[in-house]
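Lettering of chains follows the sequences in order, A, B, ..., and the numbering in each one begins at 1. Just so you know, these numbers come straight off a predicted model, no measurement behind them.
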There are 4 protein chains.
Amino acid sequence: MVAESRPLRADARRNRDRLLQAARDAFAAEGLSVSLDEIARRAGVGPGTLYRHFPTKEALFEAVVHERLDPLLAEARALRRADDAGAALFAFVERLVTDAATKADLIDAIASAGAELQTTVATTTAGLWEEIGHLLARAQASGAIRDDIDIADLTAVLSGVLLALRHHANQGANPHRTLAILRDGLRPRPATA
Amino acid sequence: MVAESRPLRADARRNRDRLLQAARDAFAAEGLSVSLDEIARRAGVGPGTLYRHFPTKEALFEAVVHERLDPLLAEARALRRADDAGAALFAFVERLVTDAATKADLIDAIASAGAELQTTVATTTAGLWEEIGHLLARAQASGAIRDDIDIADLTAVLSGVLLALRHHANQGANPHRTLAILRDGLRPRPATA
Amino acid sequence: MVAESRPLRADARRNRDRLLQAARDAFAAEGLSVSLDEIARRAGVGPGTLYRHFPTKEALFEAVVHERLDPLLAEARALRRADDAGAALFAFVERLVTDAATKADLIDAIASAGAELQTTVATTTAGLWEEIGHLLARAQASGAIRDDIDIADLTAVLSGVLLALRHHANQGANPHRTLAILRDGLRPRPATA
Amino acid sequence: MVAESRPLRADARRNRDRLLQAARDAFAAEGLSVSLDEIARRAGVGPGTLYRHFPTKEALFEAVVHERLDPLLAEARALRRADDAGAALFAFVERLVTDAATKADLIDAIASAGAELQTTVATTTAGLWEEIGHLLARAQASGAIRDDIDIADLTAVLSGVLLALRHHANQGANPHRTLAILRDGLRPRPATA
DNA sequence: GATGAATGAGCATTCATTCAT
DNA sequence: AATGAATGAATGCTCATTCAT
């Protein structure tokens, strides 16, 4: 799994990249229902080539998910040791929401994935939630975040907000204002409600 | 031929109900991609019977959506003239969240509706958002809700939370805690930001 | 087959007539592909009632064909003993063509009937061709019609003309001019061609 | 990658030809109502292969029509400048009738086209009638054809005869005798009517 | 490796026919 | 008798996957 095993990667690598790009765009634009033929067409390759790189539709989708998630995961890991735990969590949440707004793509697929492909994708996303759990725990320990919620709650609201921004972005919702609601809601509650 | 409004609806009504129930469950479990044959099978009828009651897939979906939305719409309308505007909005939000938690079904379809079927369903949901907009405006006027958000923002967060509860309910998210985040996030901001 | 066997014919007869009328119109307008439900709807009865009167689609079609053919058959039989055999044949041909033009309906179905329902309808039309054969033989014997054709040829041209008038009537073909070609073509050939 | 215009068309071309052949036979035998699955089955391919070559039923039908019509159209065009205009028209009519007799297939579809698929097929046939119109006009100008008919009339009779030969060929109609009727009917009328 | 043709199960929808009321 | 609901096989078409070239 470690060693680069094969030589001719010049064009193969290029095709793989094109396919991932095309798949990203297509999933973002049409959802999971786009046909693989359409993705291959957009990438300028034959469906057989797509199959060679990604033996099933789910494998392709998962690769796309990985491509999106891996940088986020790295960022979350880097924040593990930030000084200000509360700021770290808010920074990461902001990063997620900004991503969802600007990339305007398959964050939603990451968050939901319907009941259709699931399994492997779910495994892939689990790592992300785990990192967020860490950030939440530290932020709660530092007093920056209310104590009466747990990682499941945060995960729920956060993926919900991501999904919502995807669906409502073109309808006037402002990511920053949406974020403000979330941010204030996560703060420790003042004396009384 | 005399006065009973409809004669042999006994079985027809029963099949219609069974179909709606099966569709509700199936859409909730598998999303919009469930096949009509599968829904018919679950309802114990032939595909032709499904067709008789709901001539297109969209018609079936819309019937399911209506069944869920109509009572909510009625409730929202009833709250229009509540004395305490802030309490009215929170009550309705709580109602929505409770629904999503207990019915555990296609609130998500209502909230997202994907890019797939749209038209009529969109029209149907528009009415709901309109009512919520009313409640929000009054709550803001009364000072119970922060001023720096508009209906699009609320809609986004709210549908996000609903979606989230649907996807994460079985993963331990607690509706009341999730709701608490939303509730506190909607309050007017204290002195500092 | 002779005695009227059942009493309650008042409304039953009326339904039967309505169904035949609706079927006639529907076949004429849409061809054989109209659904029986559509015909029943047009007749203002339920599909079960249609079925009671005509147990298969073919039975209905055949009844319609009979209704059209029987008067024509009677007319042909009446012409069998006409004094002027040539005039008799031309008169009958004219009658057919006029029918096709004014009724603008399922003469074509009679003539073609595709490869779909056939058998029984073919049997039904055979009687008509037989009568025409009689008229042709007599006309040829009297010298009014060329000798070098037989009933199969006449049948072919005649049904072709009927079909054609149905399809081309709205495109400017004039039944009388079309008929003139046929009439002159049937005459005995002058000395040389 | 070098210069052969198309690489693996060997099998594709063969399947396409098989499909056209199967479609031709099937349409001729059963009319437009044959199912595409049946045609695919007869051609020995899956329905998806049929779809790849002809994406709709109409596209398949039109391909079949073109295959028949294009040579006829070319021939008609070639006759436009013939010396003897009357002979040219008769030659073309003979060609049509011969075709209908030997190919024994979907000339009728061409002539009628039903009320079912239309559009593109209609456009395709229009060109043929236009050419025939040319030949008719010239033949009338030269005195070889009666003056009291127009292209619509000729079209009607001609397609009628084609249809008739299709339906009655196996019943003994002789193309040459049928043709004789048409030919003599088209001649200028002698002294008396 | 790449191509794109082939496959065949599957989908939404239709409709002739049957049957409970 | 009549009704209209139910049936289920069939249709045109789609698409993930496989395979010959």
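- Checked options A/Leu69, A/Asp25, A/Leu20; the residue passing with A/Val64 is A/Leu20 (criterion: side-chain contact (heavy atoms from CB on, under 4.5 Å)).
- The residues D/Arg41 and D/Asp37 are annotated as not salt-bridged, no charged nitrogen and carboxylate oxygen being separated by less than 4.0 angstrom.
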Name every donor-acceptor pair, under 3.5 Å, that has one atom in a side chain of residues 42-56 of chain C and the other anywhere in the protein, sequence neighbours excluded.
from    : atom 1 : to      : atom 2 : distance (Å)
C/Arg42 : NE     : C/Glu38 : OE2    : 3.1
C/Thr56 : OG1    : C/Glu58 : N      : 3.4
C/Thr56 : OG1    : C/Ala59 : N      : 3.0

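- Formation of a donor-acceptor pair under 3.5 Å by the B/Lys57 side chain with backbone atoms of B/Ser35 is not found in this model.
- Residue whose closest nucleotide on DNA chain E sits further toward the 5' end, between B/Ser35 and A/Gly44: A/Gly44.
- Across all strands, B/Thr49 comes closer than 4.0 Å to base atoms (heavy-atom distances).
- Where C/Pro55 and B/Thr56 each meet DNA chain E at their nearest nucleotide, the meeting point lying more 5' is that of B/Thr56.
- Paired runs in DNA chain F that reach 3 or more consecutive Watson-Crick or G-U pairs, where each pair keeps both distances under 3.5 Å, cover E:2-21 with F:2-21.
- Rounded to a whole Å, the CZ atom of D/Phe61 is 16 Å from the C1' atom of F/dG12.
- As rounded to whole Å, 14 Å separates atom C1' of E/dT18 from atom CG of C/Leu50.
- Note: CZ (B/Arg14) to C1' (E/dA20) measures 13 Å, nearest angstrom.
- Counting only heavy atoms from C-beta on, A/Arg52 has its side chain closest to E/dA2 among E/dT17, E/dG4, E/dA2.
- Spacing between atom CD1 of D/Ile39 and atom P of F/dA10 amounts to 17 Å, rounded to whole angstrom units.
- Distance from the side chain of A/Ala12 is smallest for E/dA2 among the nucleotides F/dC13, E/dT17, E/dA2.
- With E/dA12, F/dT17, E/dT18 as the candidates, the nucleotide lying closest to the side chain of A/Leu36 is F/dT17.
- When only modelled atom types and interatomic distance are considered, C/Gln21 and C/Asp17 share no side-chain donor-acceptor pair under 3.5 Å.
- Atom CZ in D/Arg41 sits about 18 Å away from atom C1' in E/dA6, given to the nearest Å.
- Comparing E/dA6, E/dT7, F/dA6 against the side chain of D/Val45 picks out E/dT7 as the nearest.
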